[in-house]
Engineer: 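Have a look at the structure that comes next, please.
Residue numbers start from 1 in every chain, and the chains themselves are labelled A, B, ... in the order their sequence lines are given, proteins ahead of strands.
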Amino acid sequence: MLTANELDDRVGEFITAHRDTDDALGYLRARFDAGLAWVHYPVGLGGLGAPRALQPAVDARFTAAGAPSNDPGRIGIGLGMAAPTVLAYGTEEQRERWLRPLWTGEEVWCQLFSEPGAGSDLAALGTRAIRDGDEWVVDGQKVWTSMAHEARWAILVTRTHPELPKHRGMTYFVCDMTAPGVEVRPLRQATGEAEFNEVFLTGVRIPDAHRLGEVGDGWSVARTTLMNERVAIGGGAAPREGGMIGIVADTWRERPELRTAGLHDRLLRLWVEAEAARLTSARLRLQLAAGEPGPEGSAAKLAFARLNQDISGLELDLLAEEGLRHDEWTMRRPASVDFTTRSPGYRYLRAKGNSIEGGTSEILLNVVAERVLGLPAEPRVDKDAAWKDLPR
Amino acid sequence: MLTANELDDRVGEFITAHRDTDDALGYLRARFDAGLAWVHYPVGLGGLGAPRALQPAVDARFTAAGAPSNDPGRIGIGLGMAAPTVLAYGTEEQRERWLRPLWTGEEVWCQLFSEPGAGSDLAALGTRAIRDGDEWVVDGQKVWTSMAHEARWAILVTRTHPELPKHRGMTYFVCDMTAPGVEVRPLRQATGEAEFNEVFLTGVRIPDAHRLGEVGDGWSVARTTLMNERVAIGGGAAPREGGMIGIVADTWRERPELRTAGLHDRLLRLWVEAEAARLTSARLRLQLAAGEPGPEGSAAKLAFARLNQDISGLELDLLAEEGLRHDEWTMRRPASVDFTTRSPGYRYLRAKGNSIEGGTSEILLNVVAERVLGLPAEPRVDKDAAWKDLPR
Amino acid sequence: MSATEHLLYTEDESELRSGIRDLLTERVTLAALLARIETNEPYDPKLWRVLTEQIGAAGLAVDETHGGSGASWRETAVVMEELGRSVAPTPFLGSAVLATAALRAVHAGALLADLAGGRRSASLAVSFASVPGARLRYPVRADGDTLTGTVTSVVDAGAADVLVVAAEAAGGPVLYAVEADQPGVERRPVVSLDLTRPLTDIVFTGAIGTALARGEQAEAACATALTTGAALLASEQLGIAEYCLESTVAYMKTRHQFGRPVGSFQGPKHRLAALWVSIAQVRAVARYAAACVAADDPDTAVAVAVAQAHCSEIAVRAAEECVQLHGGIGFTWEHHPHLYLKRAKADALAFGTPDRHRAILARLVDLPA
Amino acid sequence: MSATEHLLYTEDESELRSGIRDLLTERVTLAALLARIETNEPYDPKLWRVLTEQIGAAGLAVDETHGGSGASWRETAVVMEELGRSVAPTPFLGSAVLATAALRAVHAGALLADLAGGRRSASLAVSFASVPGARLRYPVRADGDTLTGTVTSVVDAGAADVLVVAAEAAGGPVLYAVEADQPGVERRPVVSLDLTRPLTDIVFTGAIGTALARGEQAEAACATALTTGAALLASEQLGIAEYCLESTVAYMKTRHQFGRPVGSFQGPKHRLAALWVSIAQVRAVARYAAACVAADDPDTAVAVAVAQAHCSEIAVRAAEECVQLHGGIGFTWEHHPHLYLKRAKADALAFGTPDRHRAILARLVDLPA
């Protein structure tokens with residue numbers, strides 16, 4: 001297997017060879033073809049079969065060289081969720097068709113999983129797919145779909161066998177977002193913005209060739225997707241005061257007239273918690289680097305959500321009158337969440353989403369309790385009954 | 001029905017007539033016979049069939065006159081739990097035999113309900129009672145029995161029909177604590193003291209005449225007992241700073257050298273919470289007086305437990321080095337709990353019991369959630385199965 | 001009779017509540033509310049008319065000789081509860097509480113009667129974040145009866161006919177009634193965190209005021225108004241918390257996940273039960289504060305500090321639980337939770353945050369830092 | 001290499017842990033512990049012998065030339081974790097941490113070697129509630145090398161052979177080694193909140209000491225000892241929290257109520273999961289503090305303040321949950337939870353309560369009051 005030094009040499013050669021390229025897309029395609037996109041992917045699919053741990057150094061070197069970026073913020077769902085699933089379950093043709101334009105950013109992906117009636121209980125979903133020759137006809141409604149309004153493709157889980165127990169009657173597809181019958185509507189949220197969408201699927205025809213995994217095996221495929229979502233969250237390196245605590249700490253330092261004794265101890269408590277969360281993430285990164293992926297990822301997401309909420313609540317209390325004043329409620333379509341540029345009220349409201357999106361804190365606590373602590377599961381009333389007979 | 005004024009006259013006459021009595025027991029017996037023991041009880045059983053709300057004034061007047069007391073702290077279980085149950089379910093003979101010496105304090109009562117395997121889930125209890133002619137033979141182990149070592153009688157719930165679902169196979173008895181086969185052992189607790197006992201019942205023979213309620217109807221009878229326990233708790237009138245908060249507030253005032261900024265806000269938070277709990281109790285008393293018994297009694301017990309725990313925890317933090325030093329760990333048998341005379345460490349430890357004894361906080365939260373808020377019950381796996389087949 | 005004897009609701013209060021709730025249920029639907037709050041007219045004028053003219057809600061704390069019903073702040077608090085429950089945009093707090101309390105204190109009979117009858121509305125020109133019990137600031141200066149200065153973040157001032165303004169004059173503070181619709185008064189709408197309660201910055205540039213009181217009396221009137229506002233805000237917070245709990249409970253009874261109503265899971269169940277316990281305390285604390293201001297009880301300052309320290313935190317917690325336990329839809333614009341969250345958080349900032357009230361309490365009950 | 005690179009356990013540390021855990025599992029049964037703690041000999045001398053002589057636990061942070069193993073405070077922290085897990089009564093904290101840290105700082109080679117080898121034990125004569133980072137107090141005065149004064153609530157001093165005493169002399173502070181068994185030293189046992197860790201008041205009445213260091217060096221040695229003690233106490237708190245969580249989880253898997261294991265109810269489940277999240281943070285924070293003192297990192301003061309502010313609260317919460325979720329038996333003398341509760345609460349008071357550490361932190365990270 002490739003060593004870190006050999007890999008570094010290859011990156012250096014690539015950078016030198018493409019030094020004078022003006023064509024960003026061409027550069028990214030070439031980088032993919034050289035196996036330097038995601039080095040742990042197979043040769044021919046943007047990788048070199050190298051250890052995953054070598055990727056950060058590669059990215060850092062390209063960044064340092066000022067190389068064109070594939071804008072990972074914009075194509076996060078493709079990179080983090082669609083790609084590993086296509087890699088794991090896709091046919092040769094599917095991998096070759098989808099992975100390259102996914103990685104280069106030519107094609108944006110979104111995720112059609114959650115439904116109004118199936119959020120935490122994703123396996124209850126009811127979007128129907130009925131086979132019709134070489135195609136499937138899909139009807140239903142999905143929700144909380146970020147980037148749907150810009151996406152070319154979607155990963156989609158459907159119900160194909162309502163008469164089976166819920167975990168056994170699902171099938172997983174890749175859905176063409178430009179296909180007739182796909183309607184995307186913005187979903188406005190408490191902040192006034194719409195990061196997300198509702199997606200209505202009405203008689204959408206999907207070729208069987210766009211199925212991922214076996215018919216009826218959609219739950220397993222979806223779990224692969226979601227496992228990769230969990231890994232993607234919460235592991236980022238941060239300096240001390242790097243998160244939201246830094247904003248309020250700076251306000252505290254710069255505006256002594258706002259300080260009160262009661263808020264002081266609360267600020268210090270949150271400062272300590274933020275530092276604890278930071279050290280925990282640092283420890284998690286060491287574990288991942290040492291190849292011991294622990295369940296601390298869920299812990300990090302739980303802690304991050306609570307911290308953001310508590311800190312932004314404190315910030316409003318500190319600002320008092322200024323906290324009563326907001327910047328704007330305009331309906332916008334932001335491409336990503338930025339906690340630093342908007343008003344404190346925005347931070348406060350947006351942080352409420354942190355314990356709902358990507359798995360509610362309640363669900364994550366269940367995951368920790370059952371999978372980590374090994375506490376017994378609740379009595380299940382929905383495991384063996386046919387999906388169609390479940391109360392909803 | 002008797003008016004408050006008429007009743008007051010009667011009390012006055014009684015006090016005048018018995019002014020010169022030296023015989024405390026005789027006095028109490030006479031007060032019982034005059035119907036001035038618990039005025040809402042029937043005539044002949046210590047009462048006058050008067051409204052319950054008139055009792056406090058009667059008690060206050062006897063106290064003011066310096067009349068002998070039946071020491072309600074010592075006979076609380078008899079007064080609060082056994083008596084209402086005997087009244088509700090007892091035969092004429094049973095009421096006449098038991099209520100008078102119970103009220104006068106001649107006979108102390110205790111409660112044999114909880115078992116090592118049946119705490120929160122009282123209906124799971126397994127102490128067996130098997131009929132043998134006119135008697136029942138009882139075998140089993142009870143726990144958390146206060147006053148068992150001083151009690152003459154016990155209210156006892158047993159399992160008579162293991163083959164029935166758990167709520168339907170119980171029978172309720174009055175048990176003679178001096179009968180052969182009753183063994184009382186002190187149960188030492190975290191404070192070092194033993195307020196409670198374990199009671200071992202080995203071939204204890206109870207006459208059928210000491211049964212309360214029908215055979216198999218023990219759960220209904222027990223619920224009457226427990227309902228009266230709930231009412232008894234948490235309604236006491238208290239002045240501002242009357243509870244544990246007063247102790248720590250005084251320490252704060254008297255010892256400025258201990259103060260820290262962080263503890264200040266925490267103290268004030270708890271002061272506010274204590275005041276909120278006090279006003280809530282005051283409101284509850286008005287409701288009870290107005291004949292609207294609300295479910296706020298459970299709320300009061302929940303709040304009281306948490307407050308005592310938080311305040312005593314703060315007190316130790318405030319005292320710092322002194323908090324590291326305890327008074328004593330001697331095994332004692334206190335007749336009642338007094339939070340004021342012992343060391344802060346005692347308060348801290350004893351308060352931990354407040355959220356366990358008399359219904360854990362978790363169970364009370366269930367009660368509030370289901371009976372007050374009307375939230376749906378958990379799926380029950382133990383309702384219809386025979387008691388003997390339940391996992392334990 | 002001590003204020004602790006007034007913690008329950010009287011029959012009159014229950015009747016009042018029921019009338020107001022019927023009205024609000026009809027007029028303040030979620031759809032109507034959402035449609036209104038982003039317009040230039042967040043208040044529903046018809047609602048305000050019925051509330052003031054038919055129900056007489058604005059005159060509850062005004063005596064009968066001034067066109068009120070001669071009830072008290074306790075009845076007014078019941079109105080606040082219901083307005084909180086519905087997050088109804090009305091100028092009730094500014095006009096029927098803050099301005100009315102100030103005008104009552106200076107015996108400004110005619111104007112008081114106008115407010116009580118709903119013929120006019122007013123607001124007290126102070127920042128909504130002013131802390132009762134803290135030292136008053138006077139951002140407006142009076143030269144003769146000509147006023148100059150800027151007051152920021154005033155509640156319910158956008159639609160007010162009259163502004164009650166405390167200004168610093170040469171001889172000390174003076175309380176003025178200022179017609180809002182005059183050249184020397186500019187009202188600048190503020191984008192407020194709570195869309196259902198608009199705030200306004202008011203710039204006085206030579207506005208003409210009518211002096212109502214001077215010196216200590218003016219100062220006391222302002223202080224009383226803030227104290228009354230803070231006391232009654234606790235009742236609004238009670239209404240917010242109650243509705244958040246009730247609507248969450250209702251949702252959790254019908255929403256199914258994993259084949260069960262989500263309200264049957266013990267995790268949220270215990271949280272909601274604990275919240276109910278806290279709300280029972282909010283009720284007692286808010287009633288006590290209202291009873292104290294109604295009776296001008298010597299314990300008023302403590303009661304209000306306790307109420308604002310306690311009720312703010314519980315109302316915010318209730319709204320936060322409402323958002324969280326509604327899951328995804330709790331975070332959408334189309335559902336009610338965000339409106340309650342914004343109102344609850346804004347109310348917590350209004351009239352002083354809990355920590356500021358605890359600091360005041362420390363002085364009142366001799367627990368010095 | 002930054003201290004954040006040392007947050008994991010090395011293989012050596014895991015081996016060390018496993019050896020100690022085996023020993024403690026065998027020697028510190030609940031029955032043995034309960035039998036011992038109310039006697040005059042709460043320490044198990046055999047346990048201490050094996051720990052020091054066979055495992056070399058007392059010499060981990062001592063270099064090889066002084067009879068130690070030349071490891072570091074990080075390895076010592078692993079021992080503290082295991083001692084916390086078992087609430088084992090040993091003089092490890094007093095002798096192998098506090099006294100050793102002080103002696104290391106003043107290069108007191110011979111005595112250090114005695115401690116490292118387990119031939120003698122020592123303690124630092126300071127109150128267990130002393131706060132690292134706060135100004136040092138010297139309750140003992142030195143006249144020549146004769147010591148007079150009283151030090152209260154000293155940890156692990158009852159069985160110590162040597163007392164390390166910082167005393168105020170004419171020319172500034174002096175650090176002494178004082179033989180404990182001499183006429184001028186009276187040790188009075190204290191009834192301690194944590195029965196598994198006895199405290200002692202020490203009265204010096206003309207005791208003779210051997211000066212180890214003077215002036216700034218003496219002061220620095222004391223400060224270092226307290227900082228090291230506080231840093232390593234975080235690891236003990238980690239062990240306490242872990243055992244409380246694990247034993248509670250184990251209990252809740254087997255305890256049945258309502259026909260189900262109580263651990264299947266979501267209420268306690270969510271609380272235990274949240275506790276696990278907090279304990280994962282305690283682990284990171286405690287490891288970081290140990291790594292900082294091991295490397296004498298410039299960030300040590302912040303790391304220790306964070307560790308003591310955070311770990312104290314979580315360990316206490318873990319112990320409180322352990323009591324509560326064991327239900328009735330959690331409140332009995334015969335079961336383990338109360339022992340952990342007492343240790344956790346005492347540890348929270350030791351070396352400064354969380355609020356005192358937050359106040360120190362405020363200065364360190366420029367967040368002034």
Side-chain angles (χ1 to χ4, degrees), chain A residues 114 116-121 123-124 143-144 166 187-194 196 260-266 309 313 316-329 331 343-345 348-350 352-353 355-357 360-362 365-366 378 380-383 385 390-392, chain C residues 37-38 127-131 152-153 155 190-195 197 199 201 255-262 264-268 271 309 312 316 320 323-335 337-339 341-342 345-346 348-350 352-359 362 369:
Chain A
S114 291
S120 293
D121 182 14
V143 76
W144 301 115
K166 62 184 196 177
L187 181 59
R188 199 175 178 197
Q189 65 213 43
T191 56
E193 302 178 335
F196 304 99
T260 79
L263 294 178
H264 191 223
D265 195 56
R266 207 169 128 213
Q309 292 172 357
L316 285 177
D317 289 350
L318 176 62
L319 291 170
E321 183 184 327
E322 286 166 58
L324 288 166
R325 303 164 74 101
H326 195 57
D327 51 2
E328 55 167 340
W329 295 112
M331 156 77 182
S343 74
Y348 177 72
L349 295 169
R350 184 59 188 81
K352 298 297 174 224
S355 53
I356 297 173
E357 60 200 333
T360 66
S361 289
E362 288 76 16
L365 288 170
N366 281 348
E378 299 266 331
R380 284 296 286 262
V381 296
D382 64 331
K383 269 233 151 123
L390 291 175
R392 57 179 69 89
Chain C
I37 53 176
E38 287 185 280
S127 161
F128 196 27
S130 306
V131 187
T152 53
S153 310
V155 70
V190 170
V191 179
S192 59
L193 179 65
D194 173 12
L195 273 166
R197 177 168 276 154
L199 301 178
D201 291 346
R255 168 83 173 172
H256 281 69
Q257 294 278 273
F258 306 102
R260 291 165 53 177
V262 291
S264 71
F265 287 98
Q266 208 184 53
R271 275 155 57 184
S312 294
V316 168
E320 289 179 340
V323 169
Q324 178 68 21
L325 293 175
H326 274 79
I329 69 160
F331 193 58
T332 61
W333 190 266
E334 287 77 19
H335 290 82
H338 75 103
L339 295 172
L341 179 65
K342 292 164 185 171
K345 190 68 191 179
L349 304 179
T353 50
D355 63 288
R356 292 174 177 90
H357 281 283
R358 286 193 293 271

Engineer: Under 3.5 Å, is there a donor-acceptor pair between the side chain of C:W333 and the main chain of A:L187?
Structural biologist: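 No.
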Engineer: Tell me, out of C:K345, C:H335, C:H338, who's got the most heavy-atom pairs with chain A below 4.5 Å.
Structural biologist: C:K345
Engineer: After noting the C-alpha distance and the side-chain angles of A:L319 and C:L349, does the key distance pass the side-chain contact (heavy atoms from CB on, under 4.5 Å) rule?
Structural biologist: CA-CA 9 Å; A:L319 291 170; C:L349 304 179; over 6 Å; no
Engineer: Given heavy-atom pairs under 4.5 angstrom as the criterion, report whether the side chain, backbone, both or neither of C:V262 touches chain A.
Structural biologist: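 C:V262 has no heavy atom closer than 4.5 Å to chain A.
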Engineer: Hey, which of A:L349, A:L390, A:L324, A:I356 has the most heavy atom pairs under 4.5 Å with chain C?
Structural biologist: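 If we count pairs closer than 4.5 Å to chain C, A:L324 comes out on top.
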Engineer: Looking only at non-hydrogen atoms, find the nearest pair between A:E321 and C:S127 and report the distance.
Structural biologist: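 For A:E321 and C:S127, the tightest heavy-atom pair comes out as OE1-OG, 2.8 Å.
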Engineer: Go through the steps to decide whether A:L263 and C:R356 satisfy the test side-chain contact (heavy atoms from CB on, under 4.5 Å), and finish with yes or no.
Structural biologist: CA-CA 9 Å; A:L263 294 178; C:R356 292 174 177 90; 4.2 Å; yes
Engineer: Identify which of C:V323, C:L199, C:L195 forms the greatest number of heavy-atom pairs closer than 4.5 Å to chain A.
Structural biologist: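 Maximum pair count with chain A is reached by C:L195.
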Engineer: A:E362 and C:Q324: side-chain donor and acceptor closer than 3.5 Å?
Structural biologist: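 A pair is found: one side chain offers a donor N or O, the other an acceptor, under 3.5 Å apart.
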Engineer: Is C:E320 salt-bridged to A:K352, cutoff N-O under 4.0 Å?
Structural biologist: yes
Engineer: Return yes if some donor-acceptor pair links the side-chain N/O of C:K342 with the main-chain N/O of A:A190 below 3.5 Å, else return no.
Structural biologist: yes
Engineer: Does the pair C:T353 and A:T260 meet the rule for a side-chain contact (heavy atoms from CB on, under 4.5 Å), with working shown?
Structural biologist: CA-CA 10 Å; C:T353 50; A:T260 79; 5.8 Å; no
Engineer: Pick one of side chain, backbone, both or neither for A:P344, based on which atoms fall under 4.5 Å of a heavy atom in chain C.
Structural biologist: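 Neither; nothing under 4.5 Å.
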Engineer: With respect to chain C, which residue among A:G117, A:G345, A:S361 yields the maximal number of heavy-atom pairs within a distance under 4.5 Å?
Structural biologist: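 Highest number of pairs under 4.5 Å: A:G117.
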Engineer: Measure distances from A:A118 to the heavy atoms of chain C and classify the residue's part below 4.5 Å as side chain, backbone, both or neither.
Structural biologist: backbone
Engineer: With a 4.5 angstrom heavy-atom cut-off, is it the side chain or the backbone of C:L339 that approaches chain A, or both, or neither?
Structural biologist: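 Neither part; nothing is under 4.5 Å.
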Engineer: Is chain C contacted by the side chain of A:D327, its backbone, both, or neither, given a heavy-atom distance below 4.5 Å?
Structural biologist: backbone
Engineer: For chain C, which candidate among A:R380, A:R188, A:K166 shows the most heavy-atom pairs at distances under 4.5 Å?
Structural biologist: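 Highest number of pairs under 4.5 Å: A:R188.
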Engineer: Against chain A, label C:S312 side chain, backbone, both or neither, depending on which of its atoms sit under 4.5 Å from a heavy atom there.
Structural biologist: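 The answer is neither part of C:S312.
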Engineer: If I measure from the heavy atoms of chain A, does C:A359 come under 4.5 Å with its side chain, its backbone, both, or neither?
Structural biologist: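 Neither part, no heavy atoms under 4.5 Å.
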Engineer: Among the options C:E38, C:E334, C:R358, pick out the one with the most heavy-atom pairs lying under 4.5 Å from chain A.
Structural biologist: C:E38
Engineer: Can you see which heavy atom on C:G259 is nearest to which on A:P391, and at what distance?
Structural biologist: O-CG, 3.3 Å
Engineer: Please look at C:V190 and chain A and tell me whether the side chain, the backbone, both or neither of the residue comes under 4.5 angstrom of a heavy atom of that chain.
Structural biologist: side chain
Engineer: Ignoring hydrogens and angles, tell me if any N or O in the side chain of C:Q257 forms a donor-acceptor pair with the backbone of A:D121 under 3.5 Å.
Structural biologist: yes
Engineer: C:R197 versus chain A, heavy atoms under 4.5 Å apart: side chain, backbone, both or neither?
Structural biologist: neither
Engineer: Give, as side chain, backbone, both or neither, the part of A:W329 having an atom under 4.5 angstrom from any heavy atom of chain C.
Structural biologist: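 Both backbone and side chain.
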Engineer: Could you check which of C:F258, C:F265, C:F128 has the highest count of heavy-atom pairs closer than 4.5 Å to chain A?
Structural biologist: C:F258
Engineer: With a 4.5 angstrom heavy-atom cut-off, is it the side chain or the backbone of A:A320 that approaches chain C, or both, or neither?
Structural biologist: both
Engineer: Based on non-hydrogen pairs under 4.5 Å, which of A:D317, A:L318, A:L365, A:T360 is most in contact with chain C?
Structural biologist: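 Going by pairs under 4.5 Å, I would pick A:D317.
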Engineer: Check step by step if side-chain contact (heavy atoms from CB on, under 4.5 Å) holds for C:H256 and A:D382.
Structural biologist: CA-CA 11 Å; C:H256 281 69; A:D382 64 331; over 6 Å; no
Engineer: For chain C, find which of A:G119, A:G262, A:A124 contributes the most heavy-atom pairs closer than 4.5 angstrom.
Structural biologist: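 Between A:G119, A:G262, A:A124, the count favours A:G119.
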